[in-house]
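Worksheet: the structure to be examined is printed underneath.
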Amino acid sequence: MKIERFDLIVVGAGPSGLSAAIEAAKHGMKVVVFDENARPGGQLFKQIHKFFGSKEHKAKIRGFHIGEQLLKEADDAGVKVELNATVAGLYQDREVVVRMGDEVHHFKGDAIIIATGAAENMVLFDGWTLPGVMGAGAAQTLMNLYGVKPGERILMLGSGNVGLVVSYQLLQAGCQVVALVDAAPKIGGYGVHAAKVARTGVPFYLSHTIKKAEGTDHVTGVTIAEVDNHFQFIPGTDKHFDVDTICVAVGLSPMSQLLKMAGCKMEDNPKRGGQVPIIGEYGETSVPGIFSAGDVSGIEEASSAMIEGRMSGAVAAEYLGYITKEEKEEILAKLKASLGSLREGMFAPKNRGKDIKETEEGIPISTNLLHKGYVLDSEIERFPGVTHKKGVHPVIECTQNIPCNPCQDACTRHCIKIGSHITALPAVDETADCINCGMCVASCPGQAIFLVNEDAGDRKAEITLPYEFLPLPETGMKGTALGRDGQPLCDAEVTRVRSSKAFDGTNLLTISVPAEFAMKARFFKAAAQA
Amino acid sequence: MNELSNRSRDIGEFIPQPDDDMIVCRCEEVTKGEIRKAVHEGLWTIAEIRRYLRCGMGLCQGQTCAKLVKGIVARELKVSPALLEPATSRSPMRPVEMHVFAKETEDTDL
Ligand SMILES: Cc1cc2nc3c(=O)[nH]c(=O)nc-3n(C[C@H](O)[C@H](O)[C@H](O)COP(=O)(O)OP(=O)(O)OC[C@H]3O[C@@H](n4cnc5c(N)ncnc54)[C@H](O)[C@@H]3O)c2cc1C
Ligand code: SF4
Ligand code: SF4
């Protein structure tokens, strides 16, 4: 039996695995990464949206571009990436069994980093095995990797970031999302993600879940009903929708089996998503030389997965003597600060399950945002991103403490202030002059920034909004302006359309509406073609 | 000693439920009723249930149903799912055809 040796074997070529490999290879280690997919990048290759965070976390870059960047870095650092390579076994003496094509290969790593990510959860309801019921991730793979529409009329179950982001992407693919449903009483994901779905007209049903998927050989409809505090159906609250697809986004579970197989001590930790290895601060498992990083050791974000990957890579490098303890400490200190900044705010792991009623600034959170997906007209004025002034000025409808700050970096005129604490709410500085460049609108991953001219003459207001749908409206096109709730408000005309390489795929649509709708109109729907 | 180690603990009768014929493990076509019944027949651990009913031993290796089965068993035993030890992880983690493994014997320097 032939066994090939590496300094470090990484399992999983997602953001954490690639980052770990890059860090280790930079210090001179011989590194191989195995991934069972045909494409590297893990979850990143399906993510066509712009990411949150700050510059050091690759914020405002679209997920798949982050994947490409990592892959190039790995290549430059001399990392060997083996695709279509399924790791079938990991043993205590760090032997790895890999299936490649029609053969089984054996490898030995002086250090091993497991970065296998997570798998989607399912829920049980009558008819859940019917074709047409699928994980949100599966729907994403179909549309974003294979260019196939998962269905025409879709109901999404789950209001976490995955449910919200995939709903938006389904809309972009031209599907109709008839409802976004969650058994929880509050939307689980970021308010800005919810708001960009709600303003297109998708209704949210919180405290509701699926009772039954209908159909004989595929889904033809679905019945949802309201649930009480104990998640029991409330009689008489049934609602029916004709749909051909039901997407389920009810969380992820770490794929930690390899770690368990290798004898690492495990625990069941609901805060981290299920069965996870018991690890030290930098991913050290109970078995010397075996480390873990990313979603496999606790469901989080790609941004944190990349940092965790680098940390475990540095620790592995010191473990094998490629760097000194001092060098390692220096690398870790920097990464720790960066990770810390991501783990702040109301969605931080430490705040999971907490009922947060106020922002860090002491502003009451919009309850409508949590229940319906949009901030009410009567609530929006209390946030620091919403100000009034003559001429074009930014209106920032970002109302929760999330780790994100590209808007501040985007504005060279210093109109937008977040400060050094990246979870603080963005505030508009009324004394700075906006030059209507649009960079803030395009750089906001939450699509929460609008440029408003409340008095554009002729009793009209002009609103510039981010637009990522096809076909792209043209100047002069007439249609309807929708409110934050996605309901029609008034007639609107497109007065300007801006696209530019610097906007990275986000188009800026300027619409003209009657002046009284300046602070209400937030989406444009073209009139149906005659 | 916890609620799981005392096998003489009374967990009550098996009471049929309307959704007992719902499939939980798609790969091996195991229903909710079969799993609930197995618990009342004395199979209290995930490993036992798995050997008895084969749920989680099919193509996807429990990727979809493991958490669901755990929830059902825990509810029947009236314990928290976290208390139940998940099934042992064994190689191969993903199904591998026998002919692929069989190739290994062709190696001369074995
Ligand atoms: C819809 C959606 C939207 C998201 N949006 C954001 C966002 O805006 N910002 C953000 O920061 N994060 C976001 N995330 C989260 C982010 O994608 C994940 O947290 C991140 O990808 C985790 O990285 P990872 O490297 O741990 O795992 P993954 O990216 O899941 O990669 C794991 C890799 O391991 C491979 N693998 C697993 N088992 C084996 C095996 N046995 N053998 C070989 N290979 C194996 C898999 O094929 C996969 O490629 C989003 C996730 C989803 C689903
Ligand atoms: S449009 Fe330009 S100048 Fe105005 S706030 Fe945005 S980034 Fe600043
Ligand atoms: S407004 Fe700023 S902080 Fe809020 S989502 Fe947009 S870029 Fe991030």
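All chains are named by letter (A, B, ...) in the order of the sequence lines, taking the proteins before the strands, and each is independently numbered beginning at 1.
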Response to the item:
Applying a strict 4.5 Å limit to non-hydrogen atoms, the region of B:Ala87 in contact with chain A is backbone
Fill in: Contacting moiety of B:Glu97, where chain A heavy atoms sit under 4.5 Å
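Both the backbone and the side chain of B:Glu97 come within 4.5 Å of chain A.
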Between [options], which shows the greatest number of heavy-atom pairs under 4.5 Å with chain B?
options                             : value
A:Met255, A:Glu120, A:Met266        : A:Met255
A:Glu103, A:Gln257, A:Met261        : A:Met261
A:Val97, A:Val87, A:Thr86, A:Asn121 : A:Asn121

Discussion item. Under a 3.5 Å threshold, yes or no: a donor from one side chain and an acceptor from the other, between B:Asp21 and B:Thr31?
Written reply: no
In terms of heavy-atom proximity below 4.5 Å to chain B, should [X] be classed as side chain, backbone, both, or neither?
X        : value
A:Glu267 : neither
A:Phe125 : backbone
A:His106 : side chain
A:Gln275 : side chain
A:Asp126 : backbone

Sequence neighbours excluded and cut-off under 3.5 Å, please list the side-chain donor-acceptor pairs for residues 129-137 of chain A, or say none.
none

Worksheet item: Can you list the steps and then say if B:Ile49 with B:Leu43 is a side chain to side chain contact (heavy atoms under 4.5 Å, CB included)?
Response: CA-CA 6 Å; B:Ile49 300 254; B:Leu43 302 151; 4.3 Å; yes
Discussion item. Taking salt bridge (charged side-chain N to carboxylate O under 4.0 Å, His left out) as the cut-off, I'd like each qualifying pair that reaches into residues 213-223 of chain A, sequence neighbours left out, listed once.
Written reply: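 Found none.
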Fill in: Qualifying salt bridge (charged side-chain N to carboxylate O under 4.0 Å, His left out) pairs with a residue from residues 71-84 of chain B, counting only residues at least two apart or across chains
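For residues 71-84 of chain B: B:Arg36-B:Glu76.
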Worksheet item: Does the side chain of B:Met57 reach to within under 4.5 Å of the side chain of B:Arg50, using non-hydrogen atoms?
Response: yes
Worksheet entry | Note, A:Val248 side chain near A:Trp128 side chain (heavy atom, < 4.5 Å) |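 A side-chain contact under 4.5 Å is absent here.
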Response to the item:
Test side-chain contact (heavy atoms from CB on, under 4.5 Å), reference A:Leu259, set A:Val11, A:Thr116, A:Ile290, A:Ile112, output is A:Ile290
Worksheet item: Would you say A:Lys108's side chain and A:Ile3's backbone share a donor-acceptor pair under 3.5 angstrom?
Response: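 Between the backbone of A:Ile3 and the side chain of A:Lys108 there is no qualifying donor-acceptor contact (under 3.5 Å).
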Worksheet entry | Inter-chain contacts: residues 221-236 of chain A against chain B, heavy atoms under 4.5 Å |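 Near chain B, by residue number: none.
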Worksheet item: Could B:Glu48 and B:Arg7 be called an ion pair, given the rule that one side-chain N must be under 4.0 Å from one carboxylate O?
Response: yes
Worksheet item: Who wins among B:Leu84, B:Leu83, B:Leu68 for the most heavy-atom pairs under 4.5 Å with chain A?
Response: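 Top count of heavy-atom pairs under 4.5 Å with chain A: B:Leu68.
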Discussion item. How about CZ on A:Arg352, more than 12 heavy atoms from neighbouring residues, nucleotides or ligands closer than 6.0 Å, or not?
Written reply: yes
